[in-house]
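Below: one structure in structure tokens.
These numbers were taken from a predicted model, which means no experiment stands behind them. Numbering of ligands and ligand atoms starts at 1, following listing order. Residues: numbered from 1 along the sequence shown.
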Amino acid sequence: MIATLIDGKGFAARLRADLAAHVAQLKEQTGEAPGLAVVLVGEDAASQVYVRSKERQTVEAGMESFSHRLPADVSEDVLLGLVRELNADTRVHGILVQFPLPGGLSQQKVIEAIDVDKDVDGFHVENVGRVAAGLPGLVPCTPLGCLMLLRDHLGDLTGQEAVVVGRSHTVGKPVAQLLINQSCTVTVAHSRTRDLPDVVRRGDIVVAAVGRPEMVKAEWLKPGCTVIDVGINRIDAGEGKTRLVGDVDAAAWDVAGAMTPVPGGVGPMTIACLLANTVTAFCRQKGLTPPAGLGL
Ligand code: NDP
């Protein structure tokens with residue numbers, strides 16, 4: 001069996017094109033464009049790449065992009081002061097502070113300081129609670145992207161056995177919550193799980209969000225299952241080069257029914273969903289119904 005490729009890159013491009021059309025309509029309707037403020041603290045190379053992509057894609061979708069760069073030794077007071085200014089700025093409808101923050105700065109305090117309605121990362125405890133309670137909230141971008149790909153590929157997920165490997169607040173737990181909301185039967189595995197291969201083998205759907213290169217083996221999978229590989233791991237490719245691999249072994253393509261590639265799977269969905277959340281946040285702040293298909 002050669003698994004069908006779940007094309008996150010293509011899906012994300014279509015989503016961004018849809019968003020650009022919605023943004024053009026919203027501008028006509030309200031005279032304003034949704035605005036996303038991105039705050040980058042320090043010089044982390046990977047974060048700089050992510051932030052530049054976010055800013056570029058925001059502008060390409062016709063939205064306003066507000067960039068704030070702070071030095072790595074900025075005080076927590078200054079950072080929190082900037083967040084409060086952005087909360088009050090009516091041109092800003094979504095706020096993203098790029099994580100990880102340099103040591104000494106509390107991510108939790110930053111998350112709590114962001115206005116819940118502008119929390120386009122969906123990490124504020126009130127948004128976590130809204131999603132858990134099945135109420136409209138802002139859903140974390142990577143989990144939202146995983147769900148969009150699953151629903152696009154499988155349609156109704158009711159009754160599917162789903163195994164999520166990883167229980168981080170940013171990926172594993174919200175993915176599990178979203179799958180419960182979709183009426184899947186969900187098992188969450190983590191580093192203390194016994195007999196992980198047996199647990200993974202239950203899954204009609206397997207979501208791997210571990211951060212360990214190719215850890216989930218082909219022989220752990222139920223033949224024909226759908227695999228969403230969230231992992232992004234850079235490994236040595238010899239001759240001084242590196243390459244990106246996921247959390248799932250490449251041999252899984254011979255066992256799964258469908259699978260996301262790395263790169264080109266979940267990764268591109270994350271930024272597209274950030275833009276979708278910004279449009280959703282804009283609409284809610286304006287008392288408008290968000291366009292269908294941008295959330296869950
Ligand atoms: P975390 O390190 O926060 O969480 C990893 C999870 O994996 C933990 O719950 C941990 O368990 C579990 N785990 C670690 N080792 C094992 C093991 N041997 N067996 C079973 N479970 C294990 O990572 P994130 O959730 O932030 O990210 C996961 C991966 O997804 C990373 O590769 C990251 O780069 C990628 N990622 C990709 C994104 C994208 O846009 N595509 C966005 C965000 C992340 P425990 O809780 O017990 O420690």
Could you check whether any side-chain heavy atom of Q48 comes within less than 4.5 Å of a side-chain heavy atom of V51, counting everything from C-beta outward? no
Taking any residue with a non-hydrogen atom under 4.0 angstrom from an atom of ligand 1, which ones do you get? T142, G166, R167, S168, T170, V171, H190, S191, L196, A209, V210, G211, R212, M215, V230, G231, I232, N233, V266, G267, T270
N/O donor-acceptor pair under 3.5 Å between D247 side chain and V216 backbone: no
Under 3.5 Å: donor-acceptor pair, side chain of S47, backbone of E43: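 No: the side chain of S47 does not pair with the backbone of E43.
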Going through the checks in order, is the salt bridge (charged side-chain N to carboxylate O under 4.0 Å, His left out) test met by E76 and K109? CA-CA 9 Å; E76 203 163 81; K109 279 191 190 163; 3.0 Å; yes
Which word best sums up how the rings of H93 and F282 line up, parallel for under 30°, tilted for 30 to 60°, or perpendicular for over 60°? perpendicular
Return yes if some donor-acceptor pair links the side-chain N/O of N87 with the main-chain N/O of A113 below 3.5 Å, else return no.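 Flag set: sc N87 to bb A113 pair under 3.5 Å.
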